[in-house]
Q: 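Below you will find the structure I want to go over with you.
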Amino acid sequence: MPGWPESLTGGVLDVAPRLLGAVLRHSTADGPVAVRITEVEAYDGPNDPGSHAFRGRTARNAVMFGPPGRLYVYFTYGMHFCANVVVGPEGTPSAVLLRAGEVVEGRELAERRRRTTRDLARGPARLCQALGIDLRHNGLDLADGTLTLGSRPADVSTGPRVGLRLAHDRPWRFWLTGDPTVSKYRPAKRRDPTP
DNA sequence: TGGGCGATTGGCT
DNA sequence: GCCAATCGCCCAC
């Protein structure tokens, strides 16, 4: 695909909305599942207290510091995986979290993995489960048709990122306006409820 | 070396 | 709306 991954080397706030409408396709021995991305969040590396890379490079976030166009997968809450597309020039640890999408291929397989027919890719961990993505896919190269970019979407909404305690004021979540597969906004739970 | 916590989800009140 | 599940990460001891 022309312009790929050069189109991922710009600023993360510019690239993130461009990933809306892109299709991520992952094949395993069980078959392929493809998801059309409808909701993302931008994480601006060292400038962003909400980013895993804010405190510098560690074993977990090393992929974020590598070249763009690879998948950064992390494990959280003891049971879930979330996936990001690494963007920006190599050495700049910016990434775009894939928060939600619409299953456009392999629906039956996605339903089997999710053990339900609803909300197949609505939420970052559900999206990974539907696609069959886990830590083994950390660093996966998305070139050669794994991630297919479309044209810049026309109607994009923005708002605060979900579940963050830090930097929750930055409106760095992007979604396709009105799309039914977009996840529900949940603010981070406060630890100190005293006024 | 230990413990608090998390870019979440699903089930129950 | 509330909360448990569940464990790797990371930093303060």
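Every chain is numbered from 1, with letters handed out A, B, ... down the list of sequences. Just so it is clear, the structure is predicted and the values come from calculations on it, not from any experiment.
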Q: Can you tell me how far C1' of B/dA7 sits from CG of A/Leu19, to the nearest Å?
A: 16 Å
Q: Say whether A/Phe174 and A/Val162 are linked into one hydrophobic cluster, either directly or through other cluster members, by side-chain heavy-atom distances under 4.5 angstrom.
A: no
Q: Evaluate the side-chain contact (heavy atoms from CB on, under 4.5 Å) criterion for residues A/Leu142 and A/Leu24: first the C-alpha distance (whole Å), next the side-chain angles of each, then the deciding distance (0.1 Å), finally the verdict.
A: CA-CA 8 Å; A/Leu142 300 177; A/Leu24 180 60; 4.0 Å; yes
Q: For residues 59-87 of chain A, which residue pairs pass the salt bridge (charged side-chain N to carboxylate O under 4.0 Å, His left out) check, not counting sequence neighbours?
A: none
Q: Is there a donor-acceptor pair closer than 3.5 Å between any side-chain N or O of A/Arg122 and the backbone N or O of A/Val182?
A: yes
Q: Quick check on contacts: within residues 43-65 of chain A, what sits under 4.0 Å from DNA chain B by heavy-atom distance?
A: A/Tyr43, A/Gly50, A/His52
Q: Between A/Arg114 and A/Gly163, which is nearer to the 5' end of DNA chain B once each is assigned its nearest nucleotide?
A: A/Gly163
Q: side-chain contact (heavy atoms from CB on, under 4.5 Å) between A/Leu176 and A/Ile37: does it pass, once the steps are laid out?
A: CA-CA 9 Å; A/Leu176 295 177; A/Ile37 304 302; over 6 Å; no
Q: Between B/dC5 and C/dC3, how far is it from one C1' atom to the other, in whole Å?
A: 16 Å
Q: Carefully, step by step, assess A/Ser94 and A/Met64 under the rule side-chain contact (heavy atoms from CB on, under 4.5 Å).
A: CA-CA 6 Å; A/Ser94 296; A/Met64 293 180 77; over 6 Å; no
Q: Would you say the side-chain atoms of A/Glu41 pair up with the backbone N or O of A/Arg99, donor to acceptor, closer than 3.5 Å?
A: no
Q: Provide, to the nearest angstrom, the distance between the CZ atom belonging to A/Arg186 and the P atom belonging to B/dG6.
A: 15 Å
Q: Any chance you could lay out the side-chain contact (heavy atoms from CB on, under 4.5 Å) test for A/Arg25 and A/Thr146, step after step, and finish with the verdict?
A: CA-CA 5 Å; A/Arg25 188 176 189 274; A/Thr146 299; 5.7 Å; no
Q: Should stems be defined as at least three consecutive Watson-Crick or G-U pairs with both distances under 3.5 angstrom, which of them involve DNA chain C?
A: B:1-6 with C:7-12, B:8-12 with C:1-5
Q: Which is the 5'-most and which the 3'-most nucleotide of DNA chain C that has an atom under 4.0 Å from a heavy atom of chain A?
A: C/dA5 to C/dC11
Q: Which pairs pass ring-ring contact (aromatic ring centres under 6.0 Å, His included) with one or both residues in residues 105-140 of chain A, sequence neighbours excluded?
A: A/His26-A/His137
Q: Run the side-chain donor-acceptor check on residues 71-93 of chain A: report pairs under 3.5 Å with partners two or more places apart or on a different chain.
A:
| unit_1 | atom_1 | unit_2 | atom_2 | d |
| --- | --- | --- | --- | --- |
| A/Tyr72 | OH | A/His52 | ND1 | 2.8 |
| A/Asn84 | OD1 | A/Leu97 | N | 3.4 |
| A/Asn84 | ND2 | A/Tyr72 | O | 3.3 |

Q: Mind checking what makes side chain to side chain contact (heavy atoms under 4.5 Å, CB included) contact with A/Asp48, not counting sequence neighbours?
A: A/Tyr43, A/Asp44, A/Ser51, A/Arg161, A/Ala167, A/Arg170, A/Trp172
Q: Output the residues of residues 115-132 of chain A in contact with DNA chain B, where contact means a heavy atom of the residue under 4.0 Å from an atom of the strand; sort by number or write none.
A: A/Gly123, A/Pro124, A/Ala125, A/Arg126
Q: I'd like to know if A/Val103 and A/Val40 are part of one continuous hydrophobic network [Ile/Leu/Val/Met/Phe/Trp/Tyr, side-chain heavy atoms within less than 4.5 Å].
A: yes
Q: Going by heavy atoms closer than 4.0 Å, what residues in residues 69-102 of chain A are next to DNA chain C?
A: A/Phe75, A/Tyr77, A/Gly78, A/Met79
Q: What pairs of residues pass the salt bridge (charged side-chain N to carboxylate O under 4.0 Å, His left out) test when at least one of them lies in residues 108-118 of chain A, not counting sequence neighbours?
A: A/Arg107-A/Glu111
Q: Just the rounded figure in Å: distance from P of B/dG6 to NE2 of A/His168.
A: 12 Å
Q: Which ring-ring contact (aromatic ring centres under 6.0 Å, His included) pairs, counting each pair once, include a residue from residues 82-123 of chain A, with sequence neighbours left out?
A: none
Q: Can you run down the salt bridge (charged side-chain N to carboxylate O under 4.0 Å, His left out) pairs that involve residues 131-154 of chain A, sequence neighbours left out, and say none if there aren't any?
A: A/Asp14-A/Arg152, A/Asp134-A/Arg136
